[in-house]
Amino acid sequence: QVQLVESGGGLVQPGGSLRLSCAASGSIFSINDMGWYRRAPGKQRELVASVTSGGSTKYTASVKGRFTISRDNAKNTVYLQMNSLKPEDTAVYYCNADIDLGSDYPNTLDAWGQGTLVTVSS
């Protein structure tokens, strides 16, 4: 019913920039919080940034000041602008969305994108 499609990953040199995007589609009544997670080999999954339906944002300390999360509610899309990239940012990045499917009672789905690889290397 609901699909999240990510794009924008790739190879970039340290100090470079990338913009990730994630578009949700399907039978969506509304979208609550959206976020970006990442996981590097041998490490635990980490919440990088999140944004509420009202646009309030939070960031993990290691990316604060370098990354910016935003959303376009009309397009059901969330973005992650990544600047001043460092090798330690190398990971698979996953889009996440708390989807309200509608009905007369709470009916939500924790949806995930397929993941997009970001490699920061010289």
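The figures that follow rest on heavy atoms only: side chains count, while hydrogens, waters and symmetry mates do not.
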- Item | Intermediate values then yes/no, side-chain contact (heavy atoms from CB on, under 4.5 Å), D72 and Y79 | CA-CA 8 Å; D72 185 337; Y79 305 92; 4.2 Å; yes

Taking every non-hydrogen atom, the tightest pair across [X] and [Y]:
X: L80; Y: A49; answer: CD1-CB, 4.2 Å
X: C95; Y: E6; answer: N-OE2, 2.7 Å
X: V118; Y: G9; answer: CG2-CA, 4.2 Å
X: Y94; Y: Q114; answer: CE2-O, 3.8 Å
X: T77; Y: M34; answer: C-CE, 4.5 Å

- Message: Under the side-chain contact (heavy atoms from CB on, under 4.5 Å) test against L85, which residue among T90, V12, V63 passes?
- Response: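 Going through T90, V12, V63 one by one, the side-chain contact (heavy atoms from CB on, under 4.5 Å) with L85 is satisfied by V12 alone.
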
- Message: Between L4 and I28, is there shared hydrophobic-cluster membership here, with clusters defined by ILVMFWY side-chain heavy atoms closer than 4.5 Å?
- Response: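 Linked within one cluster.
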
- Task: Treat each ILVMFWY residue as a node, draw an edge where side-chain heavy atoms are under 4.5 Å apart, and state whether W112 and W36 are in one component.
- Result: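 As far as the 4.5 Å side-chain criterion goes, W36 and W112 are not connected within one cluster.
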
Spatial distance of atom [atom1] ([X]) from atom [atom2] ([Y]) [nearest 0.5 Å]:
X: L11; Y: S122; atom1: CG; atom2: OG; answer: 10.0 Å
X: R66; Y: Q81; atom1: CZ; atom2: CD; answer: 12.0 Å
X: D100; Y: N32; atom1: CG; atom2: CG; answer: 6.0 Å
X: I31; Y: L101; atom1: CD1; atom2: CG; answer: 10.5 Å
X: F29; Y: T108; atom1: CZ; atom2: OG1; answer: 13.0 Å
X: D89; Y: T119; atom1: CG; atom2: OG1; answer: 11.0 Å

Which pairs would a plain distance check flag for residues 14-26, meaning a side-chain donor or acceptor within less than 3.5 Å of a matching protein atom at least two apart in sequence or in another chain?
residue: S17; atom: OG; partner: N83; partner atom: OD1; Å: 2.9
residue: S21; atom: OG; partner: S7; partner atom: OG; Å: 2.8

- Task: Please determine, by modelled atom types, if Y37 and R45 share a side-chain donor-acceptor pair under 3.5 angstrom.
- Result: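 The criterion, which ignores hydrogens and geometry beyond distance, is not satisfied for R45 and Y37.
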
- Query: Are D110 and N96 close enough that a side-chain donor and a side-chain acceptor fall under 3.5 Å?
  - Reply: yes

- Task: Taking the side chain as every heavy atom from C-beta outward, state whether V48 and F67 have any atom pair closer than 4.5 Å.
- Result: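 Side chain of V48 against side chain of F67, heavy atoms only: contact under 4.5 Å found.
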
- Message: Contact between D33 and V51 at the side-chain level, heavy atoms closer than 4.5 Å - yes or no?
- Response: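 Result no, sub-4.5 Å side-chain heavy-atom pair not found.
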
For residues 53-60, please give each side-chain donor-acceptor pair under 3.5 Å, one per line with the distance, not counting sequence neighbours.
residue: Y59; atom: OH; partner: I69; partner atom: N; Å: 2.9
residue: T60; atom: OG1; partner: E46; partner atom: OE2; Å: 3.3

